[in-house]
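Here is the structure we will look at, set down as structure tokens.
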Amino acid sequence: MSTLRFFALKESLSRLPIIISENKKRSELFGKHVFKKDAMQQVLSHEAFQAVEDAINTGAKIDRLMADSIAAGMKQWALELGATHYTHWFQPLTGATAEKHDAFFEQTPEGNAIEKFEGAKLVQQEPDASSFPHGGIRNTFEARGYTAWDPTSPAFILDTTLCIPTVFVSYTGEALDNKTPLLRALAAIDHSATEVAKYFNKSVNKVTATLGWEQEYFLIDSALAASRPDIMQTGRALLGHAPAKGQQLDDHYFGSIPARALNFMKDLEQQCMLLGIPVKTRHNEVAPNQFELAPIFEEANLAVDHNSLIMDLMDRIAERHNLKVLFHEKPFAGVNGSGKHNNWSLATDTGVNLLSPGTTPMKNLQFLTFFVNTIKAVQDNEELIRASVASASNDHRLGAHEAPPAIMSVFIGKQLTAVLDELEKVTDGKLSPQEKTDLKLNVVGKIPEILLDNTDRNRTSSFAFTGNKFEFRAVGSTTNCAKPMVVLNTIVAKQLKDFKNEVDKLVDKKKMKKDDAIFNVLREYIKASKKIRFEGDGYSAAWQKEALKRKLSNHSSTPEALNIQLDRRSIAVFEEMAVMNSIELKARHDIELEEYIKRIQIESRVLGNIAKNHIIPTAIRYQNLLIKNVEGLKNIFAKDYENLAQEQLALITQISEYIGTINKDINAMVDARKSANKLDVKERAVNYKNEVLPFFDTIRYASDKLELLVEDKLWPLAKNRELLSLS
């Protein structure tokens, strides 16, 4: 193994950047491989094009005859761009994407070959539902599931394959993917937000949830990665002493991008342009070898698809550049991990961002309505928000003094806090003319100028208002954005629905004017949601105590966090908004617990194998060299050898102690796994967290100490200082 390490180092150091030329404007490349409007208009009849438009804008169904016409046009467009196959591209509950490629090729009865693609193949296919995570919805002998075309996310060509974004459901109709609940949640927020937006502008007919994600990731040399079984099998370094120079000097953040990384980014961005992914920002992140990219905001469903696609693209393109991408939230101890901030807002079909203030008091009242309702939704469902970002890998990041803590809180800034404090003082019932004037001119009217200076950001808040959007900072870098977006859009939709009911009651039953009713309801919401708002340091001991006093949850691990999914109140929210039923929620709960268990189980096995097969033998080999040295000193110096060999003897003793610790803890960890595996899924997850996971730290500690003691040329694994040095 030590030979492999030094071969990998030699390979890594000899790499030259693979130069990517940029000889075309981004605008010329953008969307060339996407079946978007201009492409559709060239190959579809007016009726077929209108059918797709109606499906996108109003959810109208496309009949099978029209689907044949659309499929024929789509095939013509794809063949002209070199496509040979097509696939239904979907997002099962694995966290990755799935695809099965079929050729356009068919044979005629005469034995000739033709390219064929019918509407039936476009609209629906039948993958094996029992082979994907299903949480008991499907039995092994009940294999049938359906993928169905999602026309709101345009088809695209990847390499030589036409990819058709689809939903994935069981034979009995339950969602087996991430997209189906997301589309339902987006429909719910559209309906609820549109109803409330009509208070302020009756011409609003549609509200769209928008998403701008920020993808953080690490890049390491592929040869060095291949020398680390833990990185290859788990996506993170389970062992390895922190490098002497990590991120202490803050010299990597926004620094000059290394040449190999920059050419990888150029290659990636060109592919993104062809596929219509509007990437705009790239930069070095805080940790060595850590980077970030971010796109322009898009409609949430499309943004989720684009994030899933780009993670796949990054893996493919990294191979061309002899690099490996690490999306794990904590791939290296001692340096910052990676997140995927989800920037969320709401936009009307009249071109207004509902979380951005306007030029008039009425427009600012609209802003306050959606602003306060969002905070109230998070307040009432903070445990669901926490559960939406729960995973074995994200547990390493949340609360690790580098990202938001596990306690959910909302940051809005001092100025907006002052505005809400003023609104809290609104008189109960009808407002006096003086109050209306003061509110509209002195409080609500000043919001735009307040927001001009409201640029501070609290990185210890999981859910922060940043000017015209909320930034959900607790999302992990490996997470499919659909999971947090389903929860956020569902709870805000429910909250807006409740808000409208309360306002309408005051208007209808108490004969209040609309403005009075809105102010009265907002006042109560501001009071009710105060406990979720926090402006200080989320890591401080004072906040931990204060959060406990406020009865906010502090779920530090995934098994704890996921419990809320089966709470009757949580199920009721999803069922009322027609996003998921109890069967789908129970299935997801079981799937996520099973995934948590399997992740830790795999890491535990890999850790044990590396420690026993690589670390311990290497330590013994070095210990034998020390023993030979001591024996030689004894032969030469006789009685005086102990004074001369005391350092070697101390090293021999230390090595033996660390070897003993590793061996003992590996055996105990295996026993803990065996015991846990006899339990039901819920207890098993808790046992893996409490009984198996703690051994990771003790085994790592002893192994990392041996790394410092053993001669460098004997050490078999690429060290973190080598992995985190990208030229």
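- The existence of a salt bridge linking Lys340 and Glu329 is excluded, since no basic side-chain nitrogen approaches an acidic carboxylate oxygen closer than 4.0 Å.
- Listed for the Ser69 side chain is no donor-acceptor partner under 3.5 Å among the backbone atoms of Ala48.
- Dense packing is recorded around CZ of Arg282, with more than 12 heavy atoms of other residues, nucleotides or ligands lying under 6.0 Å away.
- Between Glu22 and Lys24 no salt bridge is recorded (no basic side-chain N to carboxylate O distance below 4.0 Å).
- Val325 has its side chain out of reach of Phe218: every pair of non-hydrogen atoms, C-beta onward, lies at least 4.5 Å apart.
- We find that Lys586 and Asp590 are joined by a salt bridge, their nearest charged nitrogen and carboxylate oxygen being less than 4.0 Å apart.
- A side-chain contact (heavy atoms from CB on, under 4.5 Å) with Leu183 is found for exactly one of Val167, Val579, Val486, namely Val167.
- Salt bridge status for Arg588 with Glu592: absent, with no side-chain N to carboxylate O gap under 4.0 Å.
- When only modelled atom types and interatomic distance are considered, Ser203 and Asn201 share a side-chain donor-acceptor pair under 3.5 Å.
- Among residues two or more places apart in sequence or in another chain, the side-chain hydrogen bond (donor to acceptor under 3.5 Å, both in side chains) test is passed with Asp54 by Gln50.
- Shortest non-hydrogen contact noted between Ser393 and His328 is CB-NE2, 3.5 Å.
- A salt bridge links Glu269 with Arg26: the closest approach of a Lys/Arg side-chain nitrogen to an acidic carboxylate oxygen falls below 4.0 angstrom.
- Of the possible donor and acceptor atoms, one in the side chain of Ser477 sits under 3.5 Å from a partner among the backbone N and O of Phe327.
- In this structure, the ring of Phe264 has its center no less than 6.0 angstrom from the ring center of Phe291.
- Side-chain contact, Asn284 with Gln290: no donor N or O sits under 3.5 Å from an acceptor N or O.
- The two atoms that bring Ala103 and Tyr86 nearest to each other are O-CE2, 3.7 Å, heavy atoms only.
- Evaluation of the side chain to side chain contact (heavy atoms under 4.5 Å, CB included) rule for Leu16 yields no partner, not counting sequence neighbours.
- Salt bridge annotation for Asp102-Lys121: absent, with no cationic side-chain nitrogen under 4.0 angstrom from a carboxylate oxygen.
- Asn343 places no side-chain N or O within 3.5 Å of a backbone atom of Glu471 that could act as its donor or acceptor partner.
- Of all the heavy atoms in Pro484 and Thr479, the pair that sits closest is CD-CG2, 4.0 Å.
- Looking only at atom types and distance, the side chain of Trp89 has no donor-acceptor partner in the side chain of Asp305 under 3.5 Å away.
- Not less than 6.0 angstrom separates the ring centroid of Phe168 from the ring centroid of Tyr146.
- Side-chain atoms of Lys198 come within 3.5 Å of backbone N or O of Val204 as a donor-acceptor pair.
- A salt bridge between Glu576 and Lys494 is present, with a side-chain N of the basic residue lying under 4.0 Å from a carboxylate O of the acidic one.
- When all heavy atoms of Val169 and Thr180 are compared, the closest pair comes out as CG1-OG1, 3.9 Å.
- The shortest heavy-atom contact between Phe370 and Ala193 is CZ-O, 3.7 Å.
- No side-chain donor from either of Asp177 and Gln91 sits under 3.5 Å from a side-chain acceptor of the other.
- Without hydrogens or angle criteria, Asn263 side chain to Ile20 main chain gives a donor-acceptor distance under 3.5 Å.
- Under the 4.5 Å side-chain criterion, counting only non-hydrogen atoms from C-beta, Leu726 is in contact with Leu219.
- Judged by distance alone, with hydrogens and angles left aside, the side-chain atoms of Asp190 form no donor-acceptor pair with the main-chain N or O of Leu186 at under 3.5 Å.
- A donor-acceptor distance shorter than 3.5 angstrom exists from the side chain of His88 to the backbone of Leu122, with no hydrogens or angles considered.
- For the residue pair Gln215/Asn307, the side-chain donor-acceptor check at 3.5 Å is satisfied.
- Glu319 has no carboxylate O lying under 4.0 Å from a charged side-chain N of Lys324, or vice versa, which leaves the two without a salt bridge.
- Between the side chain of Thr160 and the backbone N or O of Ala83, no donor-acceptor pair lies under 3.5 Å.
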Check step by step if ring-ring contact (aromatic ring centres under 6.0 Å, His included) holds for Phe156 and Phe35. CA-CA 6 Å; Phe156 57 91; Phe35 196 56; over 10 Å; no
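- Remark: the Asn301 side chain and the Asp150 side chain contain an N/O donor-acceptor pair separated by less than 3.5 Å.
- In this structure, Thr84 and His101 have side chains that are not in contact, with every pair of non-hydrogen atoms separated by 4.5 Å or more.
- Closest heavy-atom contact between Cys481 and Val304: CB-CG2, 3.8 Å.
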